Each structure stands twice: as structure tokens, then as C-alpha cells.
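Nothing here was measured: the structure is a model prediction, and the numbers come from that model. Letters A, B, ... are given to chains in the order of the sequence lines, protein chains preceding strands, and every chain is numbered from 1.
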There are 2 protein chains.
Amino acid sequence: MNIRKQYHVAIIGATGAVGKELLHQLEKRHFPIVSLSCLASKRSMGQTVPFKNSLIPLQMLTENSFNGIDIAFFAAGKEVSKHYIPLALEQKTFVIDSSSAFRKEKEIPLVIPEINSDAIKEHQLICSPNCVASILLMVLAPLHKKQPIIRIVASTYQAFSGGGNQEVEKLKNATQAFLNEKTPSYYAFNLFLHPTPKGEDDYLDEERKVIEETKKILDDPTIEMSVTCVRVPTLRVHSISLNVEFNGPMSKQEALTILSQSKGIAFMENPTPFAVSEQDPVFYGRVREDKSRPNCLDFFVMGDQLLKGAALNAVQIAETITMRQLCHSP
Amino acid sequence: MNIRKQYHVAIIGATGAVGKELLHQLEKRHFPIVSLSCLASKRSMGQTVPFKNSLIPLQMLTENSFNGIDIAFFAAGKEVSKHYIPLALEQKTFVIDSSSAFRKEKEIPLVIPEINSDAIKEHQLICSPNCVASILLMVLAPLHKKQPIIRIVASTYQAFSGGGNQEVEKLKNATQAFLNEKTPSYYAFNLFLHPTPKGEDDYLDEERKVIEETKKILDDPTIEMSVTCVRVPTLRVHSISLNVEFNGPMSKQEALTILSQSKGIAFMENPTPFAVSEQDPVFYGRVREDKSRPNCLDFFVMGDQLLKGAALNAVQIAETITMRQLCHSP
């Protein structure tokens, strides 16, 4: 990528739930863009997406799409990332991937800028983490720095937009049908396990991602975790009930002090998706000393998973890179 | 209470969410009733409730309502229980209370018949436990008998009918308004802390009840618990994500074997409120060995909180009493 103050940017998957938020974040945060290519599959051709008072026509994603692109945000799922990211890297494009395609690769950094921006180094491909991992780590990483965390028990309350726009439509349509006709259905006023494949040990892919990515981002393979991922009928914002065991003393007051000095998070006494929706920070509340075991605290954390859990984090990674380049530029 | 084969029964709070289910359970389970009095406050006068193909007019609850009543089911809240139960007991009425009014009293039994029917002894007042405590204990009590549980971390997903019919109406109305006008509101597609008062330690009344009642029913004050209670936009059925630590080895296979031999519960691989609603058993799924700590298992349990969490349990207590009286009758 050339060092300059304005960038040729591409978004892959611009019509998706995360893609729309990427456009919104780039605009809101005044990301220095000289050109914006919104790339999508054949079936989206003819559509436009709004950006800065204009409508940008979608372009077909092809193997040549990355010629001249400085920064590409991938938000079109694992398979698209697997196929097209190597092609983008060949073109010297700087890639930020919101999918899980490369997150596990040891040599590819997985970054939350407030926590481990150092991991970016000279890498050209950076992964943005799973939404649940991002949200819980925004609250736990600053504490872990002061007093190592040895075990986390997490139960999630995940919003339907985590499954994309089509899942939100299914939820709304089924709910409307139920309210009209009183016919119960799977999507109306129901909850269920996060719909990712299940392994032989009965662990869901989503749960495994949270565990592996937490260890990778904190660069600490010794942290033990038990995770249960559940989708609940909310539209956006993931909530997580956390029981956290530290290696030594960590009082409620000490935790609150550390958290109040940390970036990107805010205290809310009774956080709700209604209050947290479309807000940038991750919110934490219900910080309680768990009397059932020494050195344990409970937390209820919440974040808009389309923002800090995806689009906002990706744009912050891009900002970290561009800031660094400007500082190093001749 | 006289020993006989048919009973004069009263339901206090027959128009409420639990009251309606009490009527339904008494009918469905062929409880031996000679007369049924449905008692309610002044504002319900003129209303009727359906029972066995007829409509029973509500009668006003007064201090003389218990004259000649053999068994009274209280389901009208704590304050009504506090005032009227002593009057019912004076009339030698056998009382089953679904409210929390007397559950903490050491000398008053708190009973789930499958677990501690022995506690009934010769008592004339029996309390039926909190809905979350009932549901989790149906699964954990049989395991605790074989290998003592030393710690439970629980996060709940509680349905709106836990707050009564009026909360369900609020949820439906707010959801309809949101779907019509796209105006976000507190009750539409939102979740929040269980709306009971909070103590200085940030613990909710609901959470405290779960802890205290679990200890009382298992008759084991040493069990340690951390509980987080959350209301989610489902209509009925409470779900609970459980992380359970035993005093010694308890494999997944051993737990499954014990549970398959226990009464009133059933395995469901992916339990959902949609599938569990209006069903008598408590369902358990996602039994996983928690590799993060020795002797720990995870469970996801679910039960219709208006049934085993309230009305069904109350009727089962009455059945236990009447069966016992029949066995002892001359």
C-alpha cells in the first residue's frame, strides 16, 4: 500500500448487515477516502448503497477488483474471504477481514485496537474478531492486564442481526404472523442455540470461536473458558452474562476503577439492547463480587455487535494502520 | 382438613397467569373436587373462569372465604398471601402458596414433590418454590443426591408471563407498535434485568430467591451460587444456562444416566420455548463436560414456568397430601 493521506477503499459485501455499518462508520468517522468501490456478487448488480449524500452503484466482485485498491474491508462471509483475500494481497491491498476465514492462523493477527494494536506490525492482512469475543474482551482485557484472569464462564444473549439482514426479516415476519393469527412458530418470541454447526463434544462453532479468539487476542493460552451461545429475539446488540475468576484479589471497586479508565467502554447500571443499540461503546453493568468463590466477579456486558463487534472495530483497525503510516511517512 | 376422597377447593387469584393454569391442571389431572371456589378481588367481580365445560363466577375474597374449604391454592401475590393465609389456616384449610410470602420461614416447608415430599410431614401450609429454582432443581437435585454439588453459576432467560398477563400484553402491544411504526421501545425486541428490587450488593430479589430456595429445598446450606436473572422477549418458558461443579467426579455419561432415570424431566437436544411451552416436564440439553475445571458440567435447562415452575407443582403438592391421607385413612 502506498503511503498517502487519502485512500482507495473497497467494501466487499456492502449490502449485508455489517457492510451497511462499514459504510456508515467510514462516513461518520471521516475516513480519508479518495474512491470507494462497493463490491458484491452478481445478484446484487443494479443496486446502489448510500454514502455521503450520494448513491454508489454496486460493482461485481471479480479477481481483478483489487487493482489500485489500498484498503479492502471484507464482510461477505468466510468463503468469499477465502477465495478473494489472497488475490487482494497479491495486489498489495491492505485487507481487514471481518469473517472467520483466517482468524485461527497463528501468523495472522486478530486485532481489537484498544487491546492489541501492537500485533498489527507490518502485516498486510488483519482479522477482526468474532462479535462475542470482541464485546467481552473490551471489558475483560483491561482487568486481565492488572490481575490475570484464569477462568471465564459466559452465557450469551445474541441478537438476530448476527445472522444477517435475512434473519432479522424472518424474526419480524414470524412475529407479525404470530400477533395476527396467534400461531406459534419457531421464530416468534422464541430463543434457541446459536445456529452454527455442533461438534462431537456438543460445542457450537460460535462457542469455540469465542474461546480460541479470546486466548489469541489476550495472547494467553492458559485462560480456561466455558461458553454457551444463545440467540434471543432482539434485533441488534449482543449481551453476555460473565462469571470471571482472577488469579488473585480483584475487588468490585478496583475493577470499576480500572474499567472507568479504559477506552471504548462505559458503565450502565441496567444495560439493555434498547439503550445500547447503535452506540459505539461496549457497556458493562452488574459488577458484583461473587461470594461463591474467592477472586470472582460477575458482569453483564452488552455491545452493538454490528459496531464494536464488527464494522466499528474493522474501521478502527484501518485507522490504526493509516495513522501509523502517516507518522512514519517521510 | 377432613379425610375424604373429594375436596372443597379454593383458588385465590384465579384470573392471573398462574391461576388459569391451576384451573387447567386440576381439570387435566382429575383432581377430586366436590366444590371449587374461585376467589378474587373486588375488581374481578362479575367475571367468570372456565372449568370442566362450565363457567365459574368469581367470588369476592373475604376473611370468611375459607369456611368449609379443604384445600386453598394461593396465586395472587405476596401481600394477599400474607393477609389471608393465616385466616385460612385458622379454618383448618390446607394451604398451598405459590407466592414468596412464607418461603423463607424455616419451619414452613418449601416443596417440589419429586425432590422433598418428605418435608410436608404434618404441615398445614406448604410453599411452592420460585419458578427458576423449581426448574433448575428438577435437573440438579437427582445429580446432587449421587455426587454433591458444591457450586452453581446460573444465567436465566425468563419469559414475560413470569410478570403476569399484563406483562405479556405489554410485550405484544409494544412489539406490534414497533412492527407498524418502527419506533423502538423498551418492550419491543428488548431484554432487561429481572424487574425485582435490587439490594446494596447489586443482587436482585429474584436472584436471592433462587439461591435461598435452592439451599432450602436441597437442605444443604453449603452450596455456593452465582445467579444472574434476565427477562427476554419470550411468552412462556424459563431457560437457564448452568455451570455446575461437583464435589467429585461426575461424567457426562453418568449424569445422562441418572437424569434418564429421574421423574418429571426429559432430554431434548436443542430445547426451545417453542417446543417446551405448555409441556409438563422440565427439559435438559447441552450436557457438556466443562474442560475449564475438574468435576464441572454445563447444562441448558428449560421449563414452562407456569407449569412445573408454579401451577403444576402446586397441584402435585396437593396430590401428594391427598394420596397420603387416603393411605392413612381408616
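- Atom CD1 of A/I223 sits about 11.5 Å away from atom OG of B/S292, to the nearest 0.5 Å.
- Put simply, the side chain of B/N243 does not reach to within 4.5 Å of the side chain of A/N243, judged on heavy atoms.
- Checking side-chain atoms of A/D290 against main-chain N and O of B/S226 turns up no donor-acceptor pair under 3.5 Å.
- Neither the backbone nor the side chain of B/V168 comes within less than 4.5 Å of any heavy atom in chain A.
- Most heavy-atom pairs under 4.5 Å with chain B, from the set A/V230, A/D201, A/I211: that is A/V230.
- At a 4.5 Å heavy-atom cutoff, the contact between A/K291 and chain B is made by backbone atoms alone.
- Most heavy-atom pairs under 4.5 Å with chain A: of the set B/K252, B/E289, B/K172, this distinction falls to B/K172.
- Under the ring-ring contact (aromatic ring centres under 6.0 Å, His included) criterion, A/F178 pairs with A/F189, not counting sequence neighbours.
- The shortest non-hydrogen separation linking B/Y157 to A/S155 is OH-CB, 3.6 Å.
- Of all the listed residues (B/T272, B/T234, B/T228, B/N190), the one sharing the greatest number of non-hydrogen pairs under 4.5 Å with chain A is B/N190.
- Contact tally against chain B (heavy-atom pairs below 4.5 Å) for A/F160, A/Y187, A/Y186: the top residue is A/Y186.
- Counting heavy-atom pairs under 4.5 Å between each of A/M225, A/R293, A/E224 and chain B puts A/R293 at the top.
- Judged by distance alone, the side chain of B/R286 and the main-chain N or O of A/D202 form a donor-acceptor pair under 3.5 Å.
- Closest approach of A/N180 and B/Q176 over heavy atoms only: OD1-OE1, 4.3 Å.
- Using a 4.5 Å cut-off between heavy atoms, A/L193 contacts chain B through its side chain alone, with no backbone atom that close.
- Contact annotation for A/V287: only backbone heavy atoms (N, CA, C, O) come within less than 4.5 Å of a heavy atom of chain B.
- For B/S277, no part lies under 4.5 angstrom from a heavy atom of chain A.
- For a residue to count as touching a neighbouring chain, one of its non-hydrogen atoms must lie under 4.5 Å from one of that chain's; by this rule A/L204 touches chain B with backbone and side chain alike.
- If you measure heavy-atom distances from A/E278 to chain B, you find no contacts under 4.5 Å at all.
- A/T156 touches chain B through its backbone: at least one of N, CA, C or O sits under 4.5 Å from a heavy atom, while the side chain does not.
- Remark: B/F300 CZ to A/C229 SG distance equals 10.5 Å, nearest 0.5 Å.
- The residue among A/L191, A/V153, A/V232, A/N270 with the most heavy atom pairs within less than 4.5 Å of chain B is A/L191.
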